[in-house]
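Report on one structure; see the data block that follows.
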Amino acid sequence: MEYRPSDIEPKWRNWWKENQTYKVDNQPSKPKYYILDMFPYPSGAGLHVGHPLGYIASDILARYKRLRGFNVLHPMGYDSFGLPAEQYAIQTGIHPEVATEQNIARYREQLDNIGFSFDWSREVRTSDPAFYKWTQWIFMQLFNHYYDLDADKALPVSGLVAHFSKNGNAGVRAVCDEDTPVFSAAEWNDMDERAQQLLLLKYRLTYPGEAYVNWCPALGSVLSNDEVKDGVSERGGHLVERKLMNQWNMRITAYADRLLEGLNDLDWSDSIKEQQRNWINRSVGASVRFEVEGHEGTLIEVFTTRVDTIYGVTFMVLAPEHELVQQLTIDTQRTDIESYTKWAAARSEVDRMSETKKVTGAFTGAYAINPFNNERITIWIADYVLAGYGTGAVMGVPSGDQRDWNFATQFNLPIVPILDSQKDIEHNADATKEGRYINSGIINGMTYAEAIPALIQWLEERGLGKGKTQYKLRNAVFSRQRYWGEPVPAYWKDGVPYLIDEQDLPLVLPPVDKYLPTETGEPPLGRAEGWNYKGYEYELSTMPGWAGSSWYFYRYMDPHNDREFCSKTAADYWQQVDFYLGGSEHAVGHLLYSRFWNHFLYDLGLVPHREFAKRLVNQGMIQGRSNFVFRARERFFEEYLMIKVLNPFFAEMGPMPIIKADFEEEHLYDFAFQTNNLVIEVTSSKQSDKIERVYRTAQSDGKRLLVLYTEELIDHINNPEVTAEKIRNALASQEDYTISKEKPRCEQLFVSLNLLHKYHPDSFTKLHVDVNIVVDDVLQIDKTRGKQQFEKTNFKLDASGKYLCSWEVEKMSKSKYNVVNPDDMVQEYGADCFRMFEMFLGPITDAKPWNTQGISGVSGFLRKFWGLFFNAAGQFSVSDEAPNKDELKILHTCIKKVTDDVERISMNTCVSHFMIATNDLRRMNSAKRAVLEPIVVMLAPFGPHIAEELWRLLGHSNTVCDASWPILNEEYLKTDTYVFPIQINGKLRATIELPTDVNAADAEAAALGLEQVQKWLEGKAPKKVVFVPGRMINIVL
RNA sequence: GCCCGGGUGGUGGAAUGGUAGACACGCAGGACUUAAAAUCCUGUGACCGUUGAGGUCGUGUGGGUUCAAGUCCCAUCCCGGGUACCA
């Protein structure tokens, strides 16, 4: 019987569905294993081949764990709020919910096609009110809690209020805003409700505050960083500026230390933990306040990790957005400062940080006073200082910091050495901490270790600063001026936010007429009619994409609970995620925010662990391999005409007076002949104005004009003789105006890659082409028909009649037309083959471009494996004979390797091991149940359909999912002899077969006795012989 | 720029500091076939040499540690991810 995946795969998928094979119940009697994939955003492009990479790996692990006796939770759902659906809604008017619903249906269909063991009864969607009710509920808990430093956990704000009314905020050690005043109980009790509420916001774990956003005045809305390219909006190219806006924030910095410490116990890759550490970036230093000359009481605070360099400060730099810039700038500098600020506002943070070669800045005209030596230093603004980072001001120490050095050099500011060990500071900054201080007042002669405490003590005694620990981690902006997200369960009264009643949850997203900001620039929710809470206006921003994904892993444990986000029973059983798999691009975004929420939920006693995911593996991205085609621009046609058609004419008729080799527009005519006064104009037939203009010029010059439409050139592009004939006719004719009368068929021309070198690079526009109509970089011309991109198109093909495309590796995305749909692969090769091929591509953690060459190897393997079970007549035929030693060795080698490799998530080598076992068994013509059945079980996680079919053919009535993983017996792997490699000076020169357990002396003697070894020894004795038991022999000469 | 990865034959990749290139793809030759497809067998890092010998080089590049380095250390180049509102 032939292996036909299209027959067996749908059959078993149905059977699994009907028998609820993958339904999971809480079974306290069984050990549990929770394996989770980062859930997908259901995009309109559908699932692409990159998504399943992780899902297949986790599915293999889930099925493997099940075979090893675990009760495995392996759920799937959708992160279904997000920007793309909203963009689509703006363009089409279709409600994002409708589009999202369709996208999910499509994802589900595609996922079902691959044979995953997901328990779909536990599916979650973040955009489902039954789900986001709990996202909103958690938000409310955050609002109602503050971080208490003594308890080192989140505590209810109600306790804080009680404390304030008795003692004021003295004695409260809590994380709060920098500018929180100190107040007494009396002062607190005297405050009105509004003042009290405003004060409490300084403590709450979520609070409204100001943050910079990408504001696009032309679109009247805030843009995501993704939507901004080179300082303008991606759509429309409108100007974008950075603007302060009132936004909800999450006080994640309260958890900075715990998020750092928690990393130590996590079984996550070192690289990801390192990224998180760097992102949080705890730095110990000092804050120093500088007075501003002539501005009594105005202080500029800076944070520095190198307070020891304070005497080397020769200037100060503020972020262009710094609140004091306006006030400090003197009139004569105002124009400079304003134009610089405007320029800087248009630049993104990444641009601002990346630019290190070009130093820019502007002088405010103001001076600050260094508190240590009372020196006047100039105050500048420069875009390398970011407003949202630290205090938005830095002290410039050019001798010790390269960026400061560059700045000082550019603007001719002094560079003062401060350590006797600093070298070469005329050419570079030297950030050393070695040596002793010079030019440094109270710390002269001290070392780094002595100077720091001395300086901090000095500052603290005078109230001019203090030792301080700072984090690079910033509080997270939580508002989005968008429609398609969770509404914030808060309303505004008198400029103060209040939570709605818990019983009014969920606060459901209201309908709006358009998904755009209001005329007054408010978020789309401002359009919702009658949308208010007991007469008060709701918060109009919605939550960001990461809200729902920060806690969804608990919902899978108890997905239908309408009283709690997850019951205690469920959480107690499933505990935490044992294995989490997802893209490395989430290293600091999702994975840090979700850890933060989890720590908070843990503080409230709602979840059993501080960390939600015990083990994490990051899969590499499957990149797209984009193809490009080249559309000819007008310049091409002029060049083409010259090269292919005109040159023979010119050779015959002599050179022309007015033609030059370049094809600039300002030339009067494109080409001209002396013969018969003929001039030629090449242009699109659409440019009738231009044709008329040239015609008039030609008339007044007394020239005869031939107009060649680019479109007619396109029509005959592969046959230049047609055009040559036209020119010949025009040269012979006496008409003063020749123009084609027939309507050209084509409007655009695409030129094959291998012809481009003949033309100027500017002659073409490079465009993405759908990779699904390209095979081996050759465009399938027949498949271009009916495609909008190729309407009225002709192709200039290469000598072999092909159209060759160029290619590049890029992110796989709809806009790049490089999305490959797994359905197509499944259709052609079957789901098992697709699954195994994705695994066979390489290590799960590596990024790689999608490329299907090689899939036939996996397909062939499955057929060969299948063939092991059938005799020459095509009948199922498996023997019950006892296996021999060689067969047992094949089997147990396979058990060992596959078991080891699944445990370390090395799925690609597992596939190889199956191939090796299959090839070996085929060579032996072996078909024994005792060997084949265990391999079927091991194959089941990888190719569940084929394994299920063979399992049943072997006579079982239950599903292969409920079989047991085979047990390794090392005895079968042992060998009596081993072929030892013999190295001379580390290079392989010979081999020798010896007993596996040979001792050093015997091995050495045997090796030295070999003729090949003697040859190298040249009669001398070796200096040394290294013997690694059971492995190798190295002879050192 | 900064942080984190990665770089091995024509290609995807394999390799607890111990025989570099497992397993596949591709390619070449052969078998079967009227033929093609499919299938099967053999070969396949480069170079020199050749009798089935043997040798030199070889894991981005340049150094180093070691009896032994793809693997460890230092420097450097290139590619990918993240860079706080894509998810």
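Order of the sequence lines fixes the chain letters, A, B, ..., with proteins taken first and strands second; residue numbering starts at 1 for each chain.
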Check: [Y] main-chain N/O paired with [X] side-chain donor or acceptor under 3.5 Å:
| X | Y | value |
| --- | --- | --- |
| A:Asp383 | A:Ala344 | no |
| A:Arg282 | A:Leu473 | no |
| A:Thr206 | A:Asn249 | yes |

Do A:Trp248 and A:Phe139 make the cut of ring centroids closer than 6.0 angstrom?
yes
Under 6.0 Å between the ring centres of A:Phe914 and A:Phe942?
yes
To the nearest angstrom, how far is [X] atom [atom1] from [N] atom [atom2]?
| X | N | atom1 | atom2 | result |
| --- | --- | --- | --- | --- |
| A:Gln983 | B:rU66 | CD | P | 17 Å |
| A:Gln1014 | B:rG54 | CD | C1' | 18 Å |
| A:Leu592 | B:rC85 | CG | P | 12 Å |
| A:Met907 | B:rA22 | CE | P | 23 Å |
| A:Lys1023 | B:rC67 | NZ | P | 11 Å |

Please confirm whether the shortest side-chain N or O distance from [X] to OP1 or OP2 of [N] is below 4.0 Å.
| X | N | answer |
| --- | --- | --- |
| A:Arg277 | B:rC4 | no |
| A:Asn919 | B:rA24 | yes |
| A:Arg989 | B:rU56 | yes |
| A:Lys1015 | B:rG55 | yes |
| A:Asn281 | B:rC3 | no |
| A:Trp1016 | B:rG54 | no |
| A:Arg1031 | B:rG18 | no |

In terms of heavy-atom contacts, A:Phe131 and A:Val124 come closest through CD1-CB, 4.0 Å
Review item, nucleotides 42-50 of chain B N/O atoms under 3.5 Å of protein N/O:
none

Side chain of A:Asn278, base of B:rC3: donor and acceptor closer than 3.5 Å?
no
With a 3.5 Å cut-off and just heavy-atom distances, do the side chain of A:Gln481 and the base of B:rC85 make a donor-acceptor pair?
yes
Look at the rings of [X] and [Y] and say which category their plane angle falls in: under 30° parallel, 30 to 60° tilted, over 60° perpendicular.
| X | Y | answer |
| --- | --- | --- |
| A:Tyr593 | A:Trp546 | parallel |
| A:His590 | A:His586 | perpendicular |
| A:Phe834 | A:Trp850 | tilted |

With sugar-phosphate meaning primed atoms plus P, OP1 and OP2, does [X] contact a base, only sugar-phosphate, or nothing at under 4.0 Å between heavy atoms?
| X | value |
| --- | --- |
| A:Met915 | sugar-phosphate |
| A:Trp546 | nothing |
| A:Gln623 | sugar-phosphate |
| A:Pro843 | sugar-phosphate |
| A:Glu585 | base |
| A:Val979 | base |

With rounding to whole Å, what would you report as the distance between [N] and [M] at their [atom1] atoms?
| N | M | atom1 | result |
| --- | --- | --- | --- |
| B:rU19 | B:rU83 | P | 42 Å |
| B:rG58 | B:rG10 | C1' | 16 Å |
| B:rA22 | B:rG45 | P | 8 Å |

Is the glycosidic torsion of B:rG60 within 90° of 0, making it syn, or is it anti?
anti
